[in-house]
Amino acid sequence: MFHRYYLSVLMFIATTVFSVAQKPSIDSIINYAITHKIIDNYKLNKLLYSVKKDSVQLMKLAELSRQKNFPQAEILAYNLLGKLYRINADFSKALRYHQKAYDLAKKTDDIYNQIYSLNMMGVVYRRMDAVKSALEYHNKALNIALKAPNKNIGILKNIAISHNSIGNIFMLLQRDDLALQHFLNALEIEKKESNILGLAINYQNIGSIYERKGDYDMALKYYRKSLSYNKQINSKIGKIICNTSIANILLKKGKTHRALEIIKPNLALALKLGDAYYLADVYINLGKTYLQNKQYATAEFYLNKGLRLAIDKKLTSVAQAAYEQFSFLKEKQGKFKEALLYHKKFNEKQNEILNEKNRQLVSDVIIKQIKLENKQKMKALGEENLSVKKKLKRTKKSFYYSLLFLGLLIILGAVFYKSYQLRNQRKLMNLEQNLLRARMNPHFIFNSLNSLKMFIIQQKTKEAVVYLSTFSKLVRTILQSTIDKETTLKDEIETIKKYVSIENIRFSDKINFEINVSDQLNLDELLIPPLITQPFIENALWHGLSPKKGEKKLIVNIFPKDQNYFVIEIIDNGIGRERAAEIRETRTFKRESVGIKLTEERLRHFTKNFSVGYQLIFEDLYDETGKPAGTKVVIIIPYKQYETGN
């Protein structure tokens, strides 16, 4: 027995020595790269594959590269060390090495590695949930890349990385419109370069946007497309992210057992990957899925593991997700005090990430980007003017040619500007026409006139007069809204009342309508786009309350949120959006609702000159048993006050 054990040990030592002997030394790698003049990052990366996960060897590589005056290899060593420390959640060391890489790249005028190092620092700050720093570094990388005279494949890939990362940050700050634009920019580059990893990442991110919008089928389509690309390149991280996303969609669709089957393999992948961030995230999503499957003990086990790892590695957003799931778990277990405690911790973590300062940062970054672009244009124009002046000094003939050219430019500019104005006016006219069509719904007018006819037939003269007066005022308001771009909050409230009173007649006055307005708001001065609430009230009435049996409630609450915003809430106790969608699918005639899309377009137009934007939130309501109990629509609008003389 002893001899057999001794022989096994000897064989292990021999195998280890043999494998070490086969592994090329750092000296030989460096000498080979210098001899063959290999300075391309991609080729160097392949050359260093055997040592890229060994911090000791990478430090040796950096030192030897410095001694041999081989900055490309030294920069690569620093960035590989930064990535290695980021995976192990040692963020301070990761930043230090990426900064060293950036400093050396700047010193040697290496544009590609400047951009890449800045992007890597941005990724580290994202892991730390330091939104401001992350956004600044990715923007800096993007600006350098866009100004690069020769945009090779490496720089184009980094432009895609910057767009992708900035998109993720905007998603974190709940600016999905800006996020989607950056994802689409990145996707366009990845398609041109046929970069499978880039395609996988961006399809996944676009899927997340659709999930946030509540379009689960479209989200699932993009997630599965991303997963197919990740399988092609056998990306463990990609598989983990896609499996988690698909499982979450299935949970939202009530397919809890299938979700558990999909997410279980993630644990083995995450353990093999060795990345603390993804391991903690897998633990928490496993806990969440077991919770949905009512396996509370197993859920608590995985949530505890995820939370401990997130706290240990200072992963704020991951800890936030754990606190939220713990809150749900404790509520299910009937431990309401603990549930409340975890919910408070969840809110605290959320406030760390999503605060007003970060929201303002989004606007500041956009403004800064526009200023930078204008500065670059002005610089280009300045250089062009200098060139023209030099030419003017040479000959009078060139002066006249230049003058003629400038005149043509002015004429063309005026033509283009006029064309731009006409296109804008046409777009606004189309929007107003579409808006009028959406509001002057033929079914609404037909049914309203039928109601009036009913009063006349029944010889209810007084009711007919009142009804006709209300209906005519509402129609006048609708027509006037295509002319007036803004109305006071007081007029909007009156319009809501008229609209609901007319619709309620068609419900035989069964709608219990209530409108609550805060005394803190000055209704005569606050401005909003006219009839901005009508599409949501119409949806609540005809998709939420119409199919519902029993008591039907519609509540509108209007109150201030903070010094920048006020809120309009539209709440119904109807059948919920999911059931309404199922009913709509069974109908032979499916009427597409354009009202909400047009309303979002109008809100964007209304807030385009604001430093802060609007928010539109749809929230599904549930009763104590978990059954759908209606829908809440929240419209958060920035303050705009009426000014005398406007």
Quiz item: How would you list, by chain and number, every residue that makes a side chain to side chain contact (heavy atoms under 4.5 Å, CB included) with K344, sequence neighbours excluded?
Solution: L340
Exercise. Check whether more than 12 heavy atoms from other residues, nucleotides or ligands sit under 6.0 Å from atom CD1 of I153, and answer yes or no.
Key: no
Practice problem: Determine the sole option in I246, L251, L250 for which the side chain to side chain contact (heavy atoms under 4.5 Å, CB included) test with N248 is passed. | Solution: L251
Self-check item: Whether Y112 and Y116 hold their rings parallel, tilted or perpendicular, with breakpoints at 30° and 60°
Solution: parallel
Self-check item: Q295: side chain to side chain contact (heavy atoms under 4.5 Å, CB included) partners, not counting sequence neighbours
Solution: L260, Y290, N293, T298
Quiz prompt | Any donor-acceptor N/O pair, T607 side chain to G613 backbone, under 3.5 Å | solution = no
Practice problem: Step through the shown structure and confirm whether more than 12 heavy atoms of other residues, nucleotides or ligands are within 6.0 Å of NZ on K252. | Solution: yes
Quiz item: Cut-off 3.5 Å, side chains only: do Q67 and E63 have a donor facing an acceptor?
Solution: yes
Exercise. Sort out for me which residue in Y216, Y210, Y229 forms a ring-ring contact (aromatic ring centres under 6.0 Å, His included) with Y222.
Key: Y210
Exercise. Step by step, work out the side chain to side chain contact (heavy atoms under 4.5 Å, CB included) result for L178 and F183.
Key: CA-CA 9 Å; L178 295 174; F183 292 148; over 6 Å; no
Quiz item: What heavy-atom pair brings N304 and F326 nearest, and what distance separates the two atoms?
Solution: OD1-CZ, 3.5 Å
Quiz item: In this structure, are over 12 heavy atoms from other groups packed under 6.0 Å from K151 atom NZ?
Solution: yes
Quiz item: Does any donor atom in the side chain of N119 or S162 lie under 3.5 Å from an acceptor atom in the other side chain?
Solution: yes
Quiz prompt | Residues L273, L279; criterion side chain to side chain contact (heavy atoms under 4.5 Å, CB included); working and verdict | solution = CA-CA 8 Å; L273 183 67; L279 183 57; over 6 Å; no
Quiz item: Looking at K305 and E300, does any basic side-chain N land under 4.0 Å from a carboxylate oxygen?
Solution: no
Practice problem: Apply side-chain hydrogen bond (donor to acceptor under 3.5 Å, both in side chains) to N234 and list each qualifying residue two or more places apart in sequence or on a separate chain. | Solution: K239
Between side-chain atoms of residues 100-107 and protein atoms elsewhere (two or more places apart, or another chain), which donor-acceptor pairs fall under 3.5 Å?
unit_1	atom_1	unit_2	atom_2	d
D103	OD1	Q99	NE2	3.0

Quiz item: L95 versus M120: any side-chain heavy-atom pair under 4.5 Å?
Solution: no
Quiz item: Going by distance alone, is a donor N or O of one side chain under 3.5 Å from an acceptor N or O of the other, for K93 and N88?
Solution: no
Quiz item: Taking NZ, NE, NH1 and NH2 as the nitrogens, is one of them in K253 or D217 under 4.0 Å from a carboxylate oxygen of the other?
Solution: yes
Quiz prompt | Polar side chain donor-acceptor pair, S245 to E211, under 3.5 angstrom | solution = no
Quiz prompt | Between N202 and N164: side-chain donor-acceptor atoms closer than 3.5 Å | solution = yes
Quiz item: Is E188 salt-bridged to K192, cutoff N-O under 4.0 Å?
Solution: yes
Practice problem: Go through the structure and list residues passing side-chain hydrogen bond (donor to acceptor under 3.5 Å, both in side chains) with N69, not counting sequence neighbours. | Solution: none
Practice problem: Mind checking the OG-NZ spacing from S194 to K191? Nearest 0.5 Å is all I need. | Solution: 11.0 Å
Self-check item: Distance-minimising heavy-atom pair for L307 and A322
Solution: CD1-CB, 3.8 Å
Practice problem: Sequence neighbours left out, what passes side-chain hydrogen bond (donor to acceptor under 3.5 Å, both in side chains) with N113? Give chain and number order. | Solution: N41, D110
Quiz item: Does the side chain of N79 pick up a donor-acceptor pair with the side chain of H98 at under 3.5 Å?
Solution: yes
Exercise. Give a yes-or-no answer on whether the side chains of E74 and Y78 include a donor-acceptor pair shorter than 3.5 Å.
Key: yes
Quiz item: When you check the side-chain N and O atoms of T244 and D281, is any donor under 3.5 Å from an acceptor?
Solution: no
Quiz item: Salt bridge check: are K221 and D215 linked by an N-O gap of less than 4.0 Å?
Solution: no
Practice problem: Could you tell me whether Q563 atom CD has more than 12 heavy atoms of other residues or ligands within 6.0 Å of it? | Solution: no
Quiz item: Has R175 got its NZ or CZ under 6.0 Å from the middle of the six-membered ring of F170, at an angle within 45 degrees of the ring axis?
Solution: no
